[in-house]
Student: 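Please see the structure below; I have some questions.
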Amino acid sequence: TLAVSNDDGTIGLGDADKDFDLSKLELSRITAGDAQIGNDTSASITVNNLAVGDTDGISGMLTLDATRDDAQITFNTAASTFTSLTANADDGIIVDVDLSSTTGDLILDGDFDDIDAADTLDQILVRNASTISAGNDLILNAAKGGISSVGVLTLEANRHVVLNDALAATDDVFIQTDKNNSGIGGIQAASAIDTDDNNLTIISSDLELANAVNSGTANITLKSSNGRSISVGSDAGQFRISSDELELLTAQNLYIGDGSTGSIIVDGISSANSANITDTVQLNATAERMSVTFENAASSFNPLEVVAD
């Protein structure tokens, strides 16, 4: 493991100009398994305009460590791409540009100490309609301040998108797991998602919700990846929405499936399970030869629309 730090000084990577800089050329000369830049004695880190070729000499995980008190990590000016990336900050991570990993995990922790009441940000703040995309798993943590977005937010991963803390958005949110259509990778949301009356779209191989998902007067769309089947209240499908998860959803309309997804199976849904959908729940299985089946226990929805091929 290679470790690079600058005691008490700020660090700039790529085109960023700070107290201690590592240019694109200098980074490209590093060959290591894992590497760490910064530590609990160096100050904030700024990243600007790194291409994957600038750090691909690091075959394992590149970790950016800004865990000294009040230190932050900022990605700005131009997009940056890594093979794999972990970024840990004491007092916030700010993403003002597209940020991605090509083959490995992308892990962000905007509140690494989880405890300091004096910190002012302690969150992952995504602005400027930026996209965060992972070649494997995308994992976002910010215990105190949560995950916030200003502008349209896009989160993508070839495997899982894991939201360990609350997500609060001010515009539309688009989340896609299993982007490579391998059938492996779901969304795991341990805390609340609130889009402030903006649309939420989730495309995934499966769904794991543990808290409220609120789009208010806007719509929620849930779609399975790679034409996978969908179940509502049943374990029979590949993309499973339990009755309890359905009850966590608040929206004007809820759209489940579309012309690219598989058949839908519904089992034992009560009107209370969909009571937080103001207008209509639509079940859409309009891809060729796809169907919607109501089986086993009776189901009841507040207004329901069913369309199938």
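Sequential numbering from 1 along the given sequence is applied to the chain's residues. Please read all numbers here as calculations on a predicted model, not as lab measurements.
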Student: Using a 3.5 Å distance criterion without hydrogens, assess whether the side chain of T170 forms a donor-acceptor pair with backbone atoms of S149.
Tutor: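 Yes, the answer is positive, given that a donor and an acceptor are paired below the 3.5 Å cut-off.
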Student: Find the distance between CG (L248) and CG (L207) and round it off to the nearest 0.5 Å.
Tutor: 9.5 Å
Student: Per the side-chain contact (heavy atoms from CB on, under 4.5 Å) rule, which among T286, I265, I230, L283 passes with V292?
Tutor: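 Passing option: L283.
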Student: Would N76 and I94 count as a side-chain contact (heavy atoms from CB on, under 4.5 Å) if you check the C-alpha gap in whole Å, the side-chain angles of each, and the deciding distance to 0.1 Å?
Tutor: CA-CA 8 Å; N76 65 15; I94 301 169; over 6 Å; no
Student: Main chain of T103, side chain of S101: is a donor-acceptor contact present, judged purely on distance under 3.5 Å?
Tutor: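 Checked: no pair found.
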Student: Does any N or O in the side chain of D19 come within less than 3.5 Å of the main-chain N or O of T10, such that one atom is a donor and the other an acceptor?
Tutor: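 Yes, the answer is positive, given that a donor and an acceptor are paired below the 3.5 Å cut-off.
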Student: Could you walk me through whether N273 and E247 pass the side-chain hydrogen bond (donor to acceptor under 3.5 Å, both in side chains) test, one step at a time?
Tutor: CA-CA 4 Å; N273 296 146; E247 204 160 328; 2.8 Å; yes
Student: Below 4.5 Å, heavy atoms only, C-beta onward: do L246 and V281 meet side chain to side chain?
Tutor: no
Student: Please check: side-chain N/O of T177 versus main-chain N/O of G185, any donor-acceptor pairing under 3.5 Å?
Tutor: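 Checking the backbone N and O of G185 against the side chain of T177, a donor-acceptor pair under 3.5 Å is found.
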Student: Could you tell me if the side chain of L13 sits less than 4.5 Å from the side chain of I45, heavy atoms only?
Tutor: yes
Student: Between K223 and T261, what is the shortest heavy-atom contact and its length?
Tutor: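 So the two residues come closest at CB-CG2, 3.9 Å.
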Student: Within the side chain of D137, is there an N or O that forms a donor-acceptor pair under 3.5 Å with the backbone of H160?
Tutor: yes
Student: Compare all side-chain heavy atoms of Y255 with those of T201 and state whether any distance is below 4.5 angstrom.
Tutor: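 They are not in contact (no side-chain heavy atoms under 4.5 Å apart), so the answer is no.
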Student: Go through it in stages, so that I can follow the logic: the residues are S182 and D178, the test is side-chain hydrogen bond (donor to acceptor under 3.5 Å, both in side chains), and I'd like the CA-CA distance, side-chain angles, deciding distance and then a yes or no.
Tutor: CA-CA 6 Å; S182 68; D178 188 28; 3.3 Å; yes
Student: For a quick check under 3.5 Å, do S205 and S225 share a side-chain donor-acceptor pair by atom type?
Tutor: no
Student: Indicate every side-chain donor-acceptor pair of residues 295-302 with a distance under 3.5 Å to a residue at least two apart or in another chain.
Tutor:
| unit_1 | atom_1 | unit_2 | atom_2 | d |
| --- | --- | --- | --- | --- |
| N296 | ND2 | D267 | OD2 | 3.2 |
| S299 | OG | G268 | N | 3.2 |
| S299 | OG | I269 | N | 3.1 |
| N302 | ND2 | S271 | O | 3.2 |

Student: Under the side-chain contact (heavy atoms from CB on, under 4.5 Å) criterion, do F112 and D90 qualify, and how do the steps go?
Tutor: CA-CA 5 Å; F112 190 74; D90 174 71; 5.6 Å; no
Student: When rounded to the nearest 0.5 angstrom, what distance separates CG in L106 from CG in L99?
Tutor: 5.0 Å
Student: Side-chain contact, heavy-atom cut-off 4.5 Å: L254 with L222?
Tutor: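 Yes, close enough: below the 4.5 Å cut-off.
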Student: Please tell me if the side chains of I30 and T55 come closer than 4.5 Å, counting only heavy atoms from C-beta onward.
Tutor: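 Answer no - side chains too far apart.
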Student: Go through V306 and F294 one step at a time and tell me if the side-chain contact (heavy atoms from CB on, under 4.5 Å) criterion holds.
Tutor: CA-CA 11 Å; V306 181; F294 296 84; 3.9 Å; yes
Student: How long is the gap from CD1 on I132 to CD on E156, to the nearest 0.5 Å?
Tutor: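 Spacing of CD1 (I132) from CD (E156) equals 10.5 Å.
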Student: Before you tell me yes or no, could you show the steps for N253 and N219 under side-chain hydrogen bond (donor to acceptor under 3.5 Å, both in side chains), namely the whole-Å CA-CA distance, both residues' side-chain angles and the distance that decides it to 0.1 Å?
Tutor: CA-CA 5 Å; N253 297 287; N219 303 320; 3.1 Å; yes
Student: Checking the side chain of D206 only, and the main-chain atoms of R240 only, is there a donor and an acceptor separated by less than 3.5 Å?
Tutor: yes
Student: Are the side chains of D113 and T67 in contact, using a 4.5 Å heavy-atom criterion?
Tutor: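 Side chain of T67 against side chain of D113, heavy atoms only: no contact under 4.5 Å found.
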Student: Assess the residue pair T195 and S215 against the criterion (side-chain hydrogen bond (donor to acceptor under 3.5 Å, both in side chains)); give the C-alpha distance rounded to whole Å, side-chain angles, the decisive distance to 0.1 Å, and a yes or no.
Tutor: CA-CA 5 Å; T195 65; S215 285; 3.1 Å; yes
Student: Check this for me: K24, atom NZ, are more than 12 non-hydrogen atoms of other residues, nucleotides or ligands nearer than 6.0 Å?
Tutor: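 Count over threshold, so yes.
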Student: Please give me the minimum heavy-atom distance between Q36 and N39, naming the atom from each residue.
Tutor: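 Result for this residue pair: NE2-CB, 3.9 Å.
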Student: Say whether, by atom type as modelled, one donor and one acceptor occur between the side chain of D165 and the main chain of N141 under 3.5 angstrom.
Tutor: no
Student: Checking the side chain of Q72 only, and the main-chain atoms of D91 only, is there a donor and an acceptor separated by less than 3.5 Å?
Tutor: yes
Student: Would you say that V213 contacts I202 through its side chain, given a criterion of any heavy-atom pair below 4.5 Å between the two side chains?
Tutor: no
Student: Would you say the side chain of L155 lies within less than 4.5 Å of the side chain of L163, judging by non-hydrogen atoms?
Tutor: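 A side-chain contact exists here, since the closest heavy-atom pair is under 4.5 Å.
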Student: Kindly say whether N199 contributes a backbone atom to a donor-acceptor pair with the side chain of D172 at under 3.5 angstrom?
Tutor: yes
Student: Mind checking the CD1-OG spacing from I241 to S231? Nearest 0.5 Å is all I need.
Tutor: 7.5 Å
Student: Does either side chain, that of D105 or that of N136, offer a donor lying less than 3.5 Å from an acceptor on the other one?
Tutor: yes
Student: Decide yes or no on side-chain contact (heavy atoms from CB on, under 4.5 Å) for V97 and T77, but give the supporting numbers first.
Tutor: CA-CA 7 Å; V97 293; T77 309; 5.5 Å; no
Student: Using modelled atom types and a 3.5 Å cut-off, is there a donor and acceptor pairing between side-chain atoms of N158 and backbone atoms of G135?
Tutor: yes
Student: If you measure from the Lys or Arg side-chain nitrogens to the Asp or Glu carboxylate oxygens, is any gap between R127 and D96 under 4.0 Å?
Tutor: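 Here R127 pairs with D96 in a salt bridge, since their nearest N and O are under 4.0 Å apart.
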